[in-house]
Amino acid sequence: MLDLRELYQEVILDHGKSPRNFGQLEDKNTEAHGHNPLCGDTITIYLHITDEIIKDIRFEGKGCAISLASASMMTELLKGKTTKEASKLFGKFHALVAEDKEVNNFETDNEEFEKLHVLAGVKEYPMRVKCATLPWHTFKAAVENNNGKVSTE
Amino acid sequence: MLDLRELYQEVILDHGKSPRNFGQLEDKNTEAHGHNPLCGDTITIYLHITDEIIKDIRFEGKGCAISLASASMMTELLKGKTTKEASKLFGKFHALVAEDKEVNNFETDNEEFEKLHVLAGVKEYPMRVKCATLPWHTFKAAVENNNGKVSTE
Amino acid sequence: MNTVGSLNEENHEINLSCYIDSFPILKNPVRDKRLVYLDTAASAQKPDIVINTINDFYKTEYANIHRGVYWLSERATVKYEMARKKVAEFLDAASETEIVFTKSATESINLVASSWGGKNLSTNDEVIITELEHHANIVPWHILRESTGIVIKSVRLDDNGCIDLNHFYELLSEKTKLLSLTHASNALGIIPPIKEMISAAHSLGALVLIDGCQGAVHQPVSVQDMDADFYVFSGHKLYGPTGIGVLYAKSNILQDMPPYQGGGDMIVTVSTQESTYADPPLRFEAGTPNIVGAIGLSAAIDFVTNIGMHNISNYEDTLLKYGREKLGELNYIKFYGDASNKASIISFDIDGVHPHDVGTILDQDGISVRVGHHCAQPVMQHFGIAGTVRASFALYNTKEDIDLLINGVEKVRSIFT
Amino acid sequence: MNTVGSLNEENHEINLSCYIDSFPILKNPVRDKRLVYLDTAASAQKPDIVINTINDFYKTEYANIHRGVYWLSERATVKYEMARKKVAEFLDAASETEIVFTKSATESINLVASSWGGKNLSTNDEVIITELEHHANIVPWHILRESTGIVIKSVRLDDNGCIDLNHFYELLSEKTKLLSLTHASNALGIIPPIKEMISAAHSLGALVLIDGCQGAVHQPVSVQDMDADFYVFSGHKLYGPTGIGVLYAKSNILQDMPPYQGGGDMIVTVSTQESTYADPPLRFEAGTPNIVGAIGLSAAIDFVTNIGMHNISNYEDTLLKYGREKLGELNYIKFYGDASNKASIISFDIDGVHPHDVGTILDQDGISVRVGHHCAQPVMQHFGIAGTVRASFALYNTKEDIDLLINGVEKVRSIFT
Ligand SMILES: Cc1ncc(COP(=O)(O)O)c(C=O)c1O
Ligand SMILES: Cc1ncc(COP(=O)(O)O)c(C=O)c1O
């Protein structure tokens, strides 16, 4: 079991204080808004998708260190991926932080995804799992918005 | 503690099967109707009161052995009494069957009232106390009906 | 608790007597007599596992749920939500999000009447109930009628106390919006043909609520198989704690229902002027729920499913048959609701003796039966009586209990003749 | 438990540490650390006497109540009704018939809104609440507004989080039919001037509901003295079991209220077409109530009255003062709702750290605080924040608990700087 304080230190140092890809996205063609009623945290994900490829991704919002770090790492991981790959990665991430079963297949993870392992400690905190997954759920909603209709912006 | 089976035998033999003063009262000048929602038992008390004296009292109704016996004994006891005396006797009876405190002043009871002691066993059965007191409450209501207004019958 | 009773070789009857020891209260004498508890239809006694679960939870794991990020609260939340999952499995619901915890079956029905009924029913819409219903499945519809003007129709019983199906079909029409029906009568034990009635109601577009208080405790239930739209039961009748009840409702129905009570935990956002509401089931669980009640109920479900609801059902049927036979040998006994397929309930009276006197005298010997109208006055009105004596049998009862009942009944009779 | 704490000779502070041993959960480590439980405002831990009362009752005395004529049922009924009497004494009500058992304070308020409000309020009638209220005292009025068209006015807070009395007097008018007010804020601890507000409301003919969830647990209450028309609280916050709440209402008001839920035990007669209803309090207790919950609450009341609510109040004030002082020494702490006369609740945050991160990190050391909006979003909106860290103190807390909290807070801060 990860000591959460270690997790916090790494997260804070690496992403919480200076989140990557933070702020508006000028040429977004889809976006979605997420809200965590437990803590009142909010997040907006902006995407530019062309030919099912995530050309650009940025986020804005207020939140705890865990949700900010998760959002920051997610944007780094997903930029340049196809939406299909992204959806697979969401599945993996969900298993990592939210599912009961021991996840053994992480030896297959590439280095990129391994960075996200620092968030695995939240699994012990069901209430905080939402903090880590909120950016991902919001990302998914944004992709679906884009599928459903051409964004008017 | 009275064994209730003894109580039942005495009650049944003496009053339950052949209740005294059972039936309508031709020259009643007040009456009241009582109902025990627990068991659906009903009772009607008919009174003829002149100058605050209970000249006649009869009852009708359906009920368990305890309520029938209590009604029967009550009518025997109250006939000829003043309403004031009756109200005192109700107090005594209530103490006998319903109140928690040990009632010690019964050495002062006269023979007439002592007959009612067979009902003291219900004290242990809070749910059944109502069966024993229903006739008395109904009697009280009938007297109050009479006080409130002259009966039109 | 690994054995599931044992088979009596002679007549292949199941025997659950090994579970009697699980019920501490049965070891305590009452009025210096062994307790013969025959009032499970009113409320069941509790096995050790339920009592200990409550005890241990308060002693080692207690905290409020759903909002705390600390260890105890997280754990308590997981246990509460696991209880919901267990109830869903017990009822064979499609998802645990279809399970709402309430304080009792009574509240579950009131919730449906107020929330679903208040939204979907209006003047002259018809709700069909039956004369078999418990007051809990009658009075909420009377209350709803006051605000909506619905019409309540009631299916008659035949001389045996069974549903008069012809009358049901007469009453059923396109105006029928809901059939609200008991899974088994608490006053008589009678089990209506619920599958037939549910599909008849559905074919005319009505929804169906099943009051499972006496059904879920006696036999395996699959809400999906019976296709009930709503199903309710009370924890305390299933060997669980008091103050916890269940409402099952199909997802799509629950999703469209407005909140019943307002407060913490059922909201998304609140300002002093506006609230937005959470998804089911939380939308219907305002305030701090009976956390320990749900967890105790979960232990009770473990207890009965470990024995097997089929085995419980078989065993209770055996007791019912034996009791009916033995009582039937006494020629001064009159039965109400005599039928072959019943919950394990016998309703009767003794010729010439008021039921309350029967109850009081049996109690002298530690025999605990229920007497009166059993919160089912329409059944009593049907038979033109004030009440009955009711003996109900549970997994902890035995044939010896019934023999003692018979002795008691004979004594009562002898006092009164 | 014969001593009522002991006086610290130096500064005459009361010391209740002799009661800590009564709480078994405090002996269990959490994450291998001693549990420092600072979330009593959400729910209190339970003393042995409450847990054992529940345990013993199920093991030796359990039965359903009010309708059984057998020994167990009679006894259970007496105990349940004695619990009602005990609550009446605890609140200094004029009669135990003014006490209704509900499942929670939330349900108590919903009952008043639906039954009293549904009958007596109509379009443009005004209900005054405050920005201090818990969602339980906001959302029921939103729900009632939908069916009645009432207007909800909300009293603003000042910068400290105290009631803006001028604004209250501005809002109060002949249109005001109800003032529904917290006895103490669960988010901040702030205690409104309830006596003044009650008499002002009464002078204009409005009734007053006091949400006593945080009040009744912290100080002696006399509903007669404060002249509340309705008073509600939850058992689980008063060291009692979950699933039991209380509604006090003045006799004459209760007498005129229509039933809230329908079912067994709240009726006089029922046919399939009509019901007549019992007198209060039974009229409002449909179905099998949380019998064991009421009896457990009764044990909890014995526990606190044996210590003395005055002593509890004094002791908690001491802890509050100490905690405020110690936290105040840290210059990165911001307080919300800082005032002298408060329930024993401190709401704060740490500069630069999200409350949820504070909660999770403190939990590593077994320190259990609540973080977030505390089901009082209007308070958060008032301060323009998403949430706070809340430490609440009970009779089982000590200055050492507070020292550990301070240590934890310093650690949190060091991680984030
Ligand atoms: C002030 C206040 N009111 C109402 C409530 C609701 O209490 P319950 O959840 O027990 O119904 C609470 C509990 O959080 C409270 O603190
Ligand atoms: C058939 C039936 N319905 C409803 C109820 C009401 O259950 P509760 O009192 O637990 O709400 C009962 C319990 O007596 C019952 O037997």
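We name chains A, B, ... by the order of the sequence lines, and we start the count at 1 in each one. Below, each value reflects all heavy atoms present in this structure, side chains not excepted, and no hydrogens, waters or symmetry copies. If you're wondering where the values come from, they're calculated on a predicted model, not measured in any experiment.
Across all their heavy atoms, D/Thr106 and C/Gly263 have their closest contact at CG2-CA, 4.1 Å. Counting all heavy atoms, side chain and backbone alike, C/Ser271 lies closest to D/Pro378 at C-CG, 4.0 Å. Counting all heavy atoms, side chain and backbone alike, C/Val69 lies closest to D/Asp363 at O-OD2, 4.2 Å.
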Ignoring hydrogens and angles, write down the donor-acceptor pairs under 3.5 Å from the side chains of residues 49-59 of chain C, residues two or more places apart or on other chains.
from    : atom 1 : to       : atom 2 : distance (Å)
C/Asn52 : ND2    : C/Asp48  : O      : 3.3
C/Thr53 : OG1    : C/Ile49  : O      : 2.5
C/Tyr58 : OH     : D/Thr242 : N      : 3.0

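Interface residue D/Asn28: only side-chain heavy atoms are found under 4.5 Å from chain C. Proximity to chain C (any heavy atom under 4.5 Å) is restricted, for D/Ile138, to the side chain, taken from C-beta onward. For C/Asn64, the parts lying under 4.5 angstrom from a heavy atom of chain D are both the backbone and the side chain. The parts of D/Ser368 that come within reach of chain C are both its backbone and its side chain, each placing non-hydrogen atoms under 4.5 angstrom from that chain. The parts of C/Ser275 that come within reach of chain D are both its backbone and its side chain, each placing non-hydrogen atoms under 4.5 angstrom from that chain. Contacts between C/Gln261 and chain D at a heavy-atom distance below 4.5 Å involve backbone atoms as well as side-chain atoms. Residue C/Phe23 does not touch chain D at all, counting heavy-atom pairs closer than 4.5 Å. Contact annotation for D/Met266: only side-chain heavy atoms (C-beta onward) come within less than 4.5 Å of a heavy atom of chain C. For D/Pro258, no part lies under 4.5 angstrom from a heavy atom of chain C. There is no contact between D/Ile244 and chain C, counting heavy-atom distances below 4.5 Å. At a 4.5 Å heavy-atom cutoff, the contact between C/Ala44 and chain D is made by backbone atoms alone. Only the side chain of C/Ser73 comes within less than 4.5 Å of a heavy atom of chain D; its backbone N, CA, C and O stay farther away. Contacts of D/His373 with chain C are made by side-chain atoms alone, with heavy-atom separations under 4.5 Å and no backbone atom involved. Contact annotation for D/Pro289: only backbone heavy atoms (N, CA, C, O) come within less than 4.5 Å of a heavy atom of chain C.
Classification of the D/Tyr260-C/Tyr260 ring pair by plane angle, with boundaries at 30° and 60°, yields parallel.
Between chain C and the options D/Ile109, D/Ile129, D/Val369, the largest number of non-hydrogen pairs under 4.5 Å is found for D/Val369.
The side-chain heavy atoms of C/Ile143 and D/Pro259, taken from C-beta on, include a pair separated by under 4.5 Å. Between C/Gln377 and D/Ile267, some side-chain heavy-atom pair lies under the 4.5 Å cut-off. Side-chain contact between C/Val270 and D/Val139 is present, with at least one heavy-atom pair separated by less than 4.5 Å. Taking 4.5 Å as the limit, some side-chain heavy atom of D/Gln45 sits within range of a side-chain heavy atom of C/Leu72. By the 4.5 Å heavy-atom criterion applied to side chains, C/Lys153 and D/Gln273 are not counted as neighbours. Residues D/His236 and C/Ile291 have side chains not in contact (no heavy-atom distance under 4.5 Å, counting atoms from C-beta outward). At a threshold of 4.5 Å between non-hydrogen side-chain atoms, the residues C/Leu362 and D/Tyr70 do not count as touching. At a threshold of 4.5 Å between non-hydrogen side-chain atoms, the residues C/Asn290 and D/Asn290 count as touching.
The list of salt bridge (charged side-chain N to carboxylate O under 4.0 Å, His left out) pairs with a residue in residues 261-277 of chain D, not counting sequence neighbours, reads C/Arg145-D/Glu274, D/Arg67-D/Asp265.
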